[in-house]
Amino acid sequence: MMNEQEQMEFFLKIFDASLPRLGPGEDASTKRALDAVLAYGAARGDWPQGSTRLRVLDLGCGNGAQTIQLAKHADCTVLAIDNHQPFLDELRRRAEVEGVSESIQVRLGDMGKLGSEMGTFDLIWSEGALYNMGFLNGLSSLRTRLVPDGLFAASDLCWFDGDAPDECRQFWADEYPDMATVDSRLDAIKTLKKYEVLEHFVLPESAWWAYYKPLEERLGEFRNRCSDEPEQLAIIDSLQAEIDLYRKHSKHFGYVFFLLHRCP
Ligand SMILES: C[S@@+](CC[C@H](N)C(=O)[O-])C[C@H]1O[C@@H](n2cnc3c(N)ncnc32)[C@H](O)[C@@H]1O
């Protein structure tokens, strides 16, 4: 019988850092969100404040799919934080290959316990990761990490409607109990009174397949390798079930990018 640690080790073998990315997203969506925040900042004229290079904090950066895009397309320095060292090692390797390593610093840490010595940032970025500290709780507590008038770009899994079939509702109630509809997320952000919502947009289905396609291929390889190991197969099945659910019910839920401006 696998103990909890062995299950986690097996899980992390599947989610090895060599996967292209570790959650739904794609370069075009990162670029769309980045262009929107840069345009907003440029229109305001006083952002970034006191520095020519934008200071960006990328939380739950994983192996850096979005970090590399930020460094490539903005004149910025990025502090990329994740709590899993192998992802950060891979990020560093990719940054070298892409010629942007000078712009990126990586740090092993818990996004919910950032030291005050880190200072403040012009822009906080988090793709598919802020849920780890509770999406709204994260927005709320990280506000003081932004300069006044700083910007926050974060994606979150949301319901598009209230009509999802039971199997879909039940699956996400177990996996992400805090999941909300897009409208109720927007209302809740407004209720925080800490941010103005500049824009939000839904990630296209291609962003899911940029993540799921390589993952599904890997699940197939592990299934062959572990054909005599029922506990490993159960973990593979549960990951495959998520992909199958998306294939069947993608019109009911998806990732939404929220672009926010810190209120004074
Ligand atoms: C779904 S992945 C998204 C990774 C990346 N942003 C992407 O889109 O490919 C979530 C990431 O958050 C990291 N993570 C989870 N909990 C964390 C925490 N408390 N502090 C820092 N990183 C965390 C995981 O290691 C993982 O890399």
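Start at 1 and go down the list; that is how both ligands and their atoms are numbered. Heavy-atom basis, side chains included; hydrogens, waters and symmetry copies ignored. Quick note: residue numbers are just sequence positions, from 1. Values in this document were obtained by computation on a predicted structure and should not be read as measured data.
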The answer for which part of Tyr211 has a heavy atom under 4.0 Å from ligand 1 is neither
Check whether Phe201 forms a cation-pi arrangement with Arg32 (NZ or CZ under 6.0 Å from the six-membered ring centre, at most 45° off the ring normal).
yes
the protein heavy atom lying closest to atom 3 (C) of ligand 1 turns out to be Glu127 O, 3.7 Å
Logged contact type for Cys61 with ligand 1, heavy-atom cut-off 4.0 Å, is backbone
### Query
Ignoring hydrogens and geometry, is there a side-chain-to-backbone donor-acceptor pair from Glu6 to Asn3 under 3.5 Å?
yes
- [ ] Examine the side chains of Tyr255 and Glu127 and answer whether a donor and an acceptor come within less than 3.5 Å of each other.
- [x] no
In Phe160, Trp172, Tyr176, the residue satisfying ring-ring contact (aromatic ring centres under 6.0 Å, His included) with Phe253 is Trp172
Check whether any N or O atom of Phe87, backbone or side chain, sits under 3.5 Å from an N or O atom of ligand 1, and answer yes or no. no
Between the main-chain N or O of Leu19 and the side-chain N or O of Asn63, is there a donor-acceptor pair closer than 3.5 Å? yes
Checking salt bridge (Lys or Arg N to Asp or Glu O under 4.0 Å) for the pair Arg247/Asp244: CA distance, chi angles, key distance, verdict? CA-CA 5 Å; Arg247 197 168 263 130; Asp244 294 341; 3.5 Å; yes
| task | Using distance alone, decide if ligand 1 has a nitrogen or oxygen within less than 3.5 Å of any nitrogen or oxygen in Arg21. | result | yes
Atom 25 (O) of ligand 1 sits nearest the protein heavy atom Asp82 OD1, 2.6 Å
of all protein heavy atoms, closest to atom 19 (N) of ligand 1 is Asp110 OD1, 3.0 Å
* Would you kindly say whether Ser103 and Arg53 are connected by a side-chain donor-acceptor distance under 3.5 Å? => yes
Output yes when a side-chain donor or acceptor of Gln232 lies under 3.5 Å from a complementary backbone atom of Cys226, and no otherwise.
-> no
Closest to atom 4 (C) of ligand 1 by heavy-atom distance, out of Gly109, Gly23, Gly60, Ser126, is Gly60
A student comparing Leu88, Leu108, Asn83, Ile81 should find that the heavy atom closest to atom 23 (C) of ligand 1 comes from Asn83
Checking heavy-atom distances from atom 7 (C) of ligand 1 to each of Glu26, Arg107, Gln66, the winner is Gln66
the protein heavy atom lying closest to atom 9 (O) of ligand 1 turns out to be Leu22 N, 3.0 Å
In this structure, atom 20 (N) of ligand 1 is nearest to the protein heavy atom Met111 N, 2.8 Å
In ligand 1, the atoms that come under 4.0 Å of a heavy atom of Gly128 are 1 (C), 3 (C), 10 (C)
- prompt: Looking only at side chains, do Thr181 and Asp183 share a donor and an acceptor under 3.5 Å apart?
  reply: no
Note: ligand 1 atoms sitting under 4.0 Å from heavy atoms of Asn132 are 12 (O), 14 (N), 15 (C), 16 (N)
